[in-house]
Amino acid sequence: MAEASIRVTLKLYASLGKYLPEANRRSNQIALEVPATSVMTDLIAPFAVPPAACFLVLVNGVFLPPGQRPTAVFADGDVVAIWPPVAGG
Amino acid sequence: MAWQRKILRVDLTAGTCTQEALNMEWAKAYLGQRGLATKYFVEEVAPSVEPLSPANKLIFATGPLTGTMASTGGRYSVITKGPLTGAIACSNSGGYWGAELKMAGWDMIIFEGRAATPVYLHLENDTATLHDASDLWGKTTWETEPALRKKHQDSQLKISSIGRAGENGVLYAAIINDLHRAAGRSGVGAVMGSKNLKAIAVRGTLGVAGIKDPKAFMKATAAAKKVLADNAVTGEGLPKFGTQVLMNVINESGAMPTRNAQDIQFDGAKDISAEAMHAPRVTDGKANLVTNQACFGCTIACGRISKIDQTHYTVVNKPEYWGASGGLEYEAAWALGSANGVNDLEALTFANFLCNEDGFDPISFGATVGAVMELYEMGVLTKEQLGIEAPFGSAKALTYFAGLTARGEGFGQEIGLGSKRLTAKYGHPDLSMTVKGQEFPAYDPRGIQGMGLTYATSNRGACHLRSYTVASEILGIPIKTDPLATEGKAGLVKAFQDATAVFDSAGICVFTSFAWTLVDVAPQLEAACEGDWSLDNLNVVGERIWNMERQFNNAAGFTAKDDSLPKRLLTEAAKTGPAKGLVAGLSKMLPEYYSERGWDTEGRPTAATVERLGL
């Protein structure tokens with residue numbers, strides 16, 4: 001029996017945008033279909049994004065604490081947005 | 001000691017310039033810049049003063065670290081009673097002017113009275129002279145700066161001036177230095193204009209003498225610079241993407257006030273973001289962003305320098321706008337863009353250029369346009385009144401209004417009064433997104449609850465630069481807190497407010513606080529200045545400054561009922577995002593905040609608090 005898959009939108013912002021395929025850089029996002037067991041590192045691995053560069057991670061706008069990132073799985077339709085260290089004001 | 005121990009008092013009515021010794025007892029209690037100048041202000045000016053009257057005073061003040069080798073040590077503040085709010089006003093600017101004033105040998109300048117005709121002040125080290133500025137009146141800041149350099153044959157002259165907005169009484173007029181750095185908020189430029197003071201041109205060659213322990217100071221500043229360089233935010237994120245990187249962060253977080261705060265997310269955010277500023281344009285293949293830029297002594301360099309697409313409708317046949325100038329920071333991009341539903345990056349850049357050129361605050365201007373657009377869509381305001389169709393999303397209306405406001409023409413005169421007065425005039429005061437009359441910036445309190453308390457209690461009216469809890473609630477600096485929770489926010493806001501008062505009084509940029517805490521600031525002050533600048537005492541100094549400002553506002557007539565938020569934020573729930581269904585939970589936080597502050601239920605510092613802080 002095939003492993004269940006889910007659709008996730010991965011958004012890579014600021015200096016992480018360069019890891020996206022050329023065609024996706026202007027929108028900063030890419031639609032993925034991944035195994036339902038995927039965690040954050042599984043989403044970014046195909047794009048060679050260094051996990052250490054992932055400072056701020058939001059899932060549907062909600063902060064994903066660093067401690068939960070190695071184990072948290074996603075739901076179908078989730079939007080996962082990732083930034084390097086950023087601030088403003 | 002790092003103070004110059006010298007202030008300049010300029011009586012514009014009498015036309016005199018007088019040197020005075022700095023009150024060192026006050027300096028040791030209020031540090032400098034925001035704190036020390038506010039101490040002078042509250043001692044000399046009645047809280048009931050009419051902001052645009054000659055009885056109001058206008059103080060330009062540096063901090064002890066201004067002009068030194070401390071990173072970001074180029075700041076100055078302008079302190080007065082603000083015409084937009086009727087509250088204490090204190091606007092902070094970077095660039096090079098503040099350091100130049102300090103290196104001319106002055107800690108601050110106090111302007112009082114009103115000149116009979118337009119004047120400007122020329123300072124060359126110890127020599128201070130008032131000059132006729134009749135030929136400069138009516139000119140923009142971009143015209144004023146080169147004109148004064150040419151007149152004085154000094155290409156190094158640093159100039160702080162008002163444009164036509166300040167002359168015309170735009171209640172959120174700014175004071176501009178170095179072409180595009182601004183003491184931006186609360187209408188300090190209108191006070192300057194009301195005094196017939198066009199500009200202050202400064203040349204300082206004396207340096208900052210008297211550092212208490214130069215060797216220790218070099219060691220402390222070098223260590224602090226290393227902290228900034230090693231920190232990924234101040235060492236990489238801010239230089240590369242500037243504050244504008246927040247556009248997508250805040251939008252994804254569901255905390256972006258959109259279309260006059262009717263919505264909390266903007267589908268055009270991606271088009272006006274830091275990422276968009278970096279991307280090559282479809283039209284000419286060039287990016288909006290040209291480079292980053294640092295203020296005096298800054299090792300972060302977050303400033304944006306942009307060029308507008310020459311084929312864009314705003315600048316066709318207007319080569320004066322084709323050059324590189326101050327680009328969009330996050331607050332400006334939000335106010336000119338998201339607040340109005342406008343996603344045209346070039347139009348926003350143009351409107352921002354006009355804000356710099358004629359000196360007015362893009363936050364209050366943009367948010368006021370948002371109210372105008374809502375009134376237009378309701379049918380309360382018409383094309384005939386406005387001179388243009390003005391639905392949400394209209395870049396042409398935005399840039400049209402920016403021009404009118406800059407020049408003081410047509411409906412721009414009403415926009416120049418701010419949204420509180422404008423919406424009241426047209427019968428819909430609840431559509432003004434203000435606290436104490438000042439428009440709130442780019443964070444929706446329904447999605448970042450601490451910012452609701454921040455806005456409600458800010459001493460200069462709604463503002464993010466008095467307590468930037470976004471750092472904690474969204475970015476996790478220094479610790480992550482839940483943006484949707486009200487619990488614990490009273491203490492968080494108080495801590496941010498008190499610490500920020502110290503940063504603003506030291507002569508350094510508050511953006512250092514993304515990497516520094518007061519633990520990093522204290523050794524620099526201890527090495528530079530006489531007095532007790534230990535961490536414990538700095539916490540007290542910050543709290544003292546905050547309460548001093550509060551006491552002035554209370555005496556000016558503000559009460560607990562003014563510590564509120566626009567009705568929309570309190571009653572209309574967020575429609576989308578993580579905050580969907582939530583309103584701002586101010587009532588859950590405010591009583592605890594008063595208690596944490598040592599204030600009574602009416603928001604007045606108790607006798608015990610006043611005594612503890614030595615007020």
Can you say whether [X] sits under 4.5 Å from chain A via the side chain, the backbone, both, or neither, judging by heavy atoms?
{"X": "B:L475", "answer": "both"}
{"X": "B:V245", "answer": "both"}
{"X": "B:K480", "answer": "side chain"}

Whatever's closer than 4.5 Å to a heavy atom in chain B on A:N28 counts as side chain
So, the part of A:S15 with a heavy atom under 4.5 Å from chain B: the answer is both
- Dump the intermediate steps for side-chain contact (heavy atoms from CB on, under 4.5 Å) on A:N60 and B:E252, then the final yes or no. CA-CA 7 Å; A:N60 303 321; B:E252 292 284 343; over 6 Å; no
Discussion item. Test side-chain contact (heavy atoms from CB on, under 4.5 Å) on B:M247 and A:Y13; report intermediate values, then the result.
Written reply: CA-CA 11 Å; B:M247 184 62 72; A:Y13 286 115; over 6 Å; no
Shortest non-hydrogen pair, A:L58 vs B:V249, comes out as CD1-O, 4.2 Å
Heavy-atom nearest pair, B:L246 first then A:A87, reads CG-C, 4.2 Å
Hey, could you give me the [atom1]/[atom2] distance between [X] and [Y], rounded to the nearest 0.5 Å?
{"X": "A:F63", "Y": "B:S253", "atom1": "CZ", "atom2": "OG", "answer": "10.5 Å"}
{"X": "B:K270", "Y": "A:K11", "atom1": "NZ", "atom2": "NZ", "answer": "9.0 Å"}
{"X": "A:F55", "Y": "B:E236", "atom1": "CZ", "atom2": "CD", "answer": "11.5 Å"}

Side-chain donor/acceptor of A:R26 to backbone N/O of B:E275, under 3.5 Å: no
